[in-house]
There are 2 protein chains.
Amino acid sequence: MIKKKKRAVTIKDIAREAGVSISTVSFAFNGTAPVAQETKDRIFEVINRLNYRPNSAARGLVTRKTNNICLFTPHPTSDFFSFSGNGVFSDLMQGIGEVLDQKDYNLLISWDTVGHKAKTPKLIRLIREQAMDGVLICLPSQDSSIINELNEHNFPLVIIGGADKNTAVNTVDVDNHEISYRVTRHLLELGHKRIAFISPGQLEFLVCEDRLEGYKEAMSDAGLKLRDDYIYIGDETESSGYRAVETFLSLKEPPTAIVAGRDIQAVGVLEYTKEHNIAVPETLALVSFENSQHAEKHGITSITTNLYEIGKEGAKLLIKLLNRKKERAAQNMVIPSGLVVRTSSKPSVSEPPAPSDSTEEEVTRVRTRGRKT
Amino acid sequence: MIKKKKRAVTIKDIAREAGVSISTVSFAFNGTAPVAQETKDRIFEVINRLNYRPNSAARGLVTRKTNNICLFTPHPTSDFFSFSGNGVFSDLMQGIGEVLDQKDYNLLISWDTVGHKAKTPKLIRLIREQAMDGVLICLPSQDSSIINELNEHNFPLVIIGGADKNTAVNTVDVDNHEISYRVTRHLLELGHKRIAFISPGQLEFLVCEDRLEGYKEAMSDAGLKLRDDYIYIGDETESSGYRAVETFLSLKEPPTAIVAGRDIQAVGVLEYTKEHNIAVPETLALVSFENSQHAEKHGITSITTNLYEIGKEGAKLLIKLLNRKKERAAQNMVIPSGLVVRTSSKPSVSEPPAPSDSTEEEVTRVRTRGRKT
DNA sequence: AGTGGCATTGAAAGCACTTACATTCATCAG
DNA sequence: CTGATGAATGTAAGTGCTTTCAATGCCACT
């Protein structure tokens with residue numbers, strides 16, 4: 001095989017080979033102008049024969065599009081990535097990837113660089129370099145300075161999983177406040193009064209704050225007063241659930257039910273109750289979030305947070321944004337959640353009965369809100 | 001705020017504002033030619049004031065570099081992503097991301113598109129479009145047609161986790177064959193003769209094949225004959241481990257020890273033994289791979305497979321490749337593994353003793369092999 | 001035959017950079 | 001004093017594409 005500085009095939013090559021001008025090739029390839037069927041056939045024959053694909057840099061230079069979309073996440077070892085124990089990140093990514101793929105967008109991953117606070121955030125750098133068309137930010141913390149900056153510059157942006165409700169920005173998420181209200185309400189309806197809450201993580205994450213608030217509101221609405229000692233700030237580990245029950249049950253007035261912020265914590269709770277022979281749900285009822293395999297395996301009542309769906313809708317929304325000429329109001333998209341009642345909150349019969357609240361029947365509710373622009 | 005079709009600031013703007021030519025700006029910014037300190041200062045003042053960053057498409061067009069590196073993986077819901085239960089993908093990605101970040105490369109993620117066999121693989125498309133400089137392929141299956149194609153075109157490529165030893169291609173991985181030999185050997189040294197093996201997944205994954213082969217070789221070397229009924233093809237689930245023991249123990253001559261292909265399977269094994277009151281390690285000894293949190297938590301003897309390190313080295317190697325002018329022989333980099341002996345393969349004393357075989361002490365061995373080119 | 005209209009196609013101007021090469025100007029050896 | 005040297009800077013070509021606008025040819029219709 002003869003080695004030459006083998007340049008990739010360009011539009012020029014196609015034009016020459018097909019005996020037409022380069023603009024005609026461009027028109028034919030992109031379908032941006034009418035080209036006689038005969039010439040079109042000839043051109044495509046050459047394109048396929050030579051495996052031509054337009055150089056993305058050259059094309060991007062003139063069209064000002066990169067077809068890259070950046071997924072900006074917290075640090076991969078952080079809380080978030082182990083959210084739900086396993087597979088959550090995969091679910092999200094798969095949802096995103098699926099729609100991006102279909103629309104021929106590329107997925108760029110970026111996260112806050114460790115210990116480089118001094119440097120311009122990588123995300124900002126990428127934007128200045130015009131290296132991507134839009135960004136999906138997932139699980140932002142309360143420090144929304146970056147988000148605000150992007151938003152002001154009017155950069156296409158969708159936030160996934162926990163958006164500050166006070167910012168006029170496009171979001172896709174489950175309504176953590178509402179579902180937390182719902183699971184707490186479920187326990188209340190079973191007659192529980194002393195209900196404790198385990199936060200899924202640090203409260204600076206909006207998911208966590210929202211879930212806590214939903215719990216609080218449900219309690220207040222039920223006329224129950226909130227107790228600080230019924231709130232435990234957990235993390236992404238099983239053992240944080242374990243330690244939480246341990247703490248709760250050592251109280252003078254221990255709770256009779258627990259809302260765990262995530263399934264893996266609920267697993268930790270069950271580990272404790274099993275070790276200490278505490279009857280679930282008779283002595284201690286338990287509900288949780290995510291409805292993951294863990295919940296299914298351990299019979300934990302849990303409410304779904306469909307990350308796959310969230311990713312998918314987030315990507316769709318972002319792409320819609322990119323194709324929009326004129327400004328529009330920011331959209332807050334809510335992915336429906338279904339409560340799946342299992343033995344952890346119900347006298348065990350045999351098999352978990354049908355969900356009281358099916359995911360399938362609900363419909364995505366979309367709320368819009370004004371934007372200053 | 002006045003809305004204008006706000007073009008990003010270009011090198012031209014900087015040149016005008018600083019009163020120099022654009023080439024001087026380019027020289028100063030990139031340090032590619034000497035520029036008087038005074039002018040350099042003036043230029044950088046303007047650059048910082050206007051937040052200039054060179055347009056990546058324009059720059060890429062002439063330099064033929066994108067600074068994008070693609071991580072090509074199996075489908076995100078596949079076996080691989082849940083490899084090790086949780087966090088493995090994160091570990092790998094973090095390792096990769098860390099070094100890429102430092103060198104100002106961007107991370108592009110791509111995986112085989114579902115059900116689009118007809119379409120040109122996305123990876124090939126990206127390469128033809130010259131949308132990335134190099135690719136990290138992780139956990140390839142035996143179908144190495146894509147790899148061969150890339151390799152023939154001399155496209156910068158590093159394979160992570162399971163490379164076909166017969167292809168002259170750059171790889172970074174633990175030596176699955178060797179570590180499998182080692183864990184099996186460990187059981188043999190404890191006096192076991194009837195040792196069964198659970199494959200971590202379908203044998204088309206090279207990791208799986210390698211681990212199986214290592215087991216087989218250790219058995220053969222010990223003068224023991226291989227039995228088909230001592231081999232079970234598992235998957236990424238706990239229950240595959242459960243089913244595996246169940247199968248093994250129903251044999252006329254059940255094994256006295258098991259090599260589980262991954263920690264999560266070992267967990268499934270322990271679940272079974274616990275339920276059926278089978279003494280571990282007395283009646284059934286157990287070893288596994290990965291040395292994940294699962295292994296630690298359940299006291300499973302396991303051998304490390306440091307994905308973080310693998311990712312890091314893989315990225316480093318790829319970047320080295322990109323900066324190399326002349327061709328060099330392909331490198332096969334082996335990340336060391338350490339066997340951590342715990343109670344699952346040792347009469348339980350109290351706490352797991354010090355590892356018999358510490359990771360720290362080993363040194364990365366690098367093998368090279370000729371390449372045809 | 002002349003003319004207008006339409007469908008195709010081509011020529012050329014960017015897009016924002018890098019870089020080979022030319023130019024300038026001061027300095028210094030002869 | 002002159003020409004050579006070399007550092008600093010500028011000029012312009014080229015990167016592969018899109019897109020505007022002009023040119024061409026063909027046909028029907030007058």
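Given the structure is predicted, the values throughout are model-derived calculations rather than measurements. Letters A, B, ... are given to chains in the order of the sequence lines, protein chains preceding strands, and every chain is numbered from 1.
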Qualifying residue, where the test is side-chain contact (heavy atoms from CB on, under 4.5 Å) with A:M132 and the options are A:N67, A:L123, A:L71, A:L107
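Of the listed options, the one satisfying the test is A:L123.
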
Parallel, tilted or perpendicular: which one describes the rings of B:Y52 and B:F29, with boundaries at 30° and 60°?
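The rings of B:Y52 and B:F29 stand perpendicular, inter-plane angle above 60°.
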
List, with names and distances, any nitrogen or oxygen atoms from the protein found under 3.5 Å away from nitrogen or oxygen atoms belonging to nucleotides 4-6 of chain D.
none

To the nearest 0.5 Å, what is the distance between [atom1] ([X]) and [atom2] ([Y])?
X      : Y      : atom1 : atom2 : result
A:L92  : A:Y308 : CG    : OH    : 11.5 Å
A:L61  : B:R59  : CG    : CZ    : 13.5 Å
A:R128 : A:R125 : CZ    : CZ    : 11.0 Å

Rounded to whole angstroms, how far apart are CD on B:Q37 and P on D:dT9?
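Roughly 11 Å, once rounded to whole Å.
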
Could you go step by step and tell me if A:Q102 and A:E98 meet the side chain to side chain donor-acceptor pair (under 3.5 Å) rule?
CA-CA 6 Å; A:Q102 201 202 324; A:E98 231 165 67; over 6 Å; no

Can you tabulate the close N/O pairs, meaning under 3.5 Å, that link protein atoms to atoms of nucleotides 13-20 of chain D?
residue	atom	partner	partner atom	Å
D:dT15	O3'	B:R64	NH2	2.9
D:dG16	OP1	B:R64	NH2	2.6
D:dG16	N2	A:A58	O	3.4
D:dC17	OP1	A:Y52	OH	2.9
D:dC17	OP1	A:N55	N	2.9
D:dC17	OP2	A:I11	N	2.3
D:dT18	OP1	A:N30	ND2	2.9
D:dT18	OP1	A:R59	NE	3.0
D:dT18	OP1	A:R59	NH2	3.1
D:dT18	OP2	A:S26	OG	2.7

Using 4.0 Å as the upper bound for N to carboxylate O, is an ion pair formed by B:E313 and B:K316?
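Salt bridge flag = yes for B:E313 with B:K316.
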
Salt-bridge contact A:R7-A:D13 (side-chain N to carboxylate O under 4.0 Å)
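No, no charged N to carboxylate O under 4.0 Å.
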
